[in-house]
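Here the structure comes first, spelled out in structure tokens, and everything after it is commentary.
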Amino acid sequence: MGRDAIADIITSIRNADMGKNGTIRIISTNITENIVKILLREGFIENVRKHQEKHKYFLVSTLRHRRTRKGIYRTILKRISRPGLRIYSNYQQIPKILGGMGIVILSTSRGIMTDREARLERIGGEILCYIW
């Protein structure tokens, strides 16, 4: 049975966000690289670098901690489509998270993209996760 790379990313980010260390290390695959690029572009991650140990590549990322009046703002991630239950949507029915403040990451026929990009290109796909 294979591993769920997207669930690994979400769990790593959630654990690093709750802990004092804001650095995560993820095995580098095409899916993980695309998701991390989206998170970097949307401002959830400060920086990313590729690290090699023996014959494996890892992505080492630093999370961006945002402060509010009541303390540190936590990033909330929710896995939607999973290996046991795939959730698909066309571009008209892609949900808006917090009225457009959050993002939805989709896997489409043109690659992994956010909900805004999918609506602009008028393409639907598998809803991977919500982030806000």
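Residue numbers run from 1 in the order of the sequence given.
- Both tests pass for Arg25 against the ring of Phe58: distance under 6.0 Å to the centre and angle within 45° of the axis.
- When hydrophobic residues (I, L, V, M, F, W, Y) are linked wherever their side-chain heavy atoms come within less than 4.5 Å, the members clustered with Met113 are Ile123.
- Atom CD1 in Ile131 sits 11.5 Å away from atom CZ in Arg79 (nearest 0.5 Å).
- A distance-only check finds no donor-acceptor pair linking the side chain of Arg86 to the backbone of Tyr88 [under 3.5 Å].
- Among residues two or more places apart in sequence or in another chain, the side-chain contact (heavy atoms from CB on, under 4.5 Å) test is passed with Thr11 by Asn15.
- Under the salt bridge (charged side-chain N to carboxylate O under 4.0 Å, His left out) test applied with Glu117, the options Arg122, Arg41, Arg110 reduce to a single match, Arg41.
- Side-chain contact, Thr62 with Glu46: no donor N or O sits under 3.5 Å from an acceptor N or O.
- With sequence neighbours excluded, the residues satisfying side-chain hydrogen bond (donor to acceptor under 3.5 Å, both in side chains) with Ser28 are Glu33.
- Taking CG of Leu59 as the reference point, atom CD1 of Ile26 lies at 6.0 Å (rounded to 0.5 Å).
- For the residue pair Pro95 and Tyr130, the shortest heavy atom distance occurs at CG-OH, 3.3 Å.
- The number of heavy atoms from other shown groups lying within 6.0 Å of CG (Leu40) is above 12.
- Judged by distance alone, the side chain of Asp17 and the main-chain N or O of Thr75 form a donor-acceptor pair under 3.5 Å.
- Atom CG of Asn30 is surrounded by 12 or fewer heavy atoms from other residues, nucleotides or ligands within 6.0 Å.
- We find the CD1-CD1 distance between Ile38 and Ile112 to be 6.5 Å, quoted to the nearest 0.5 Å.
- In this structure a side-chain-to-backbone donor-acceptor pair under 3.5 Å is missing from Glu53 to His55.
- By the 4.5 Å heavy-atom criterion applied to side chains, Arg116 and Glu42 are counted as neighbours.
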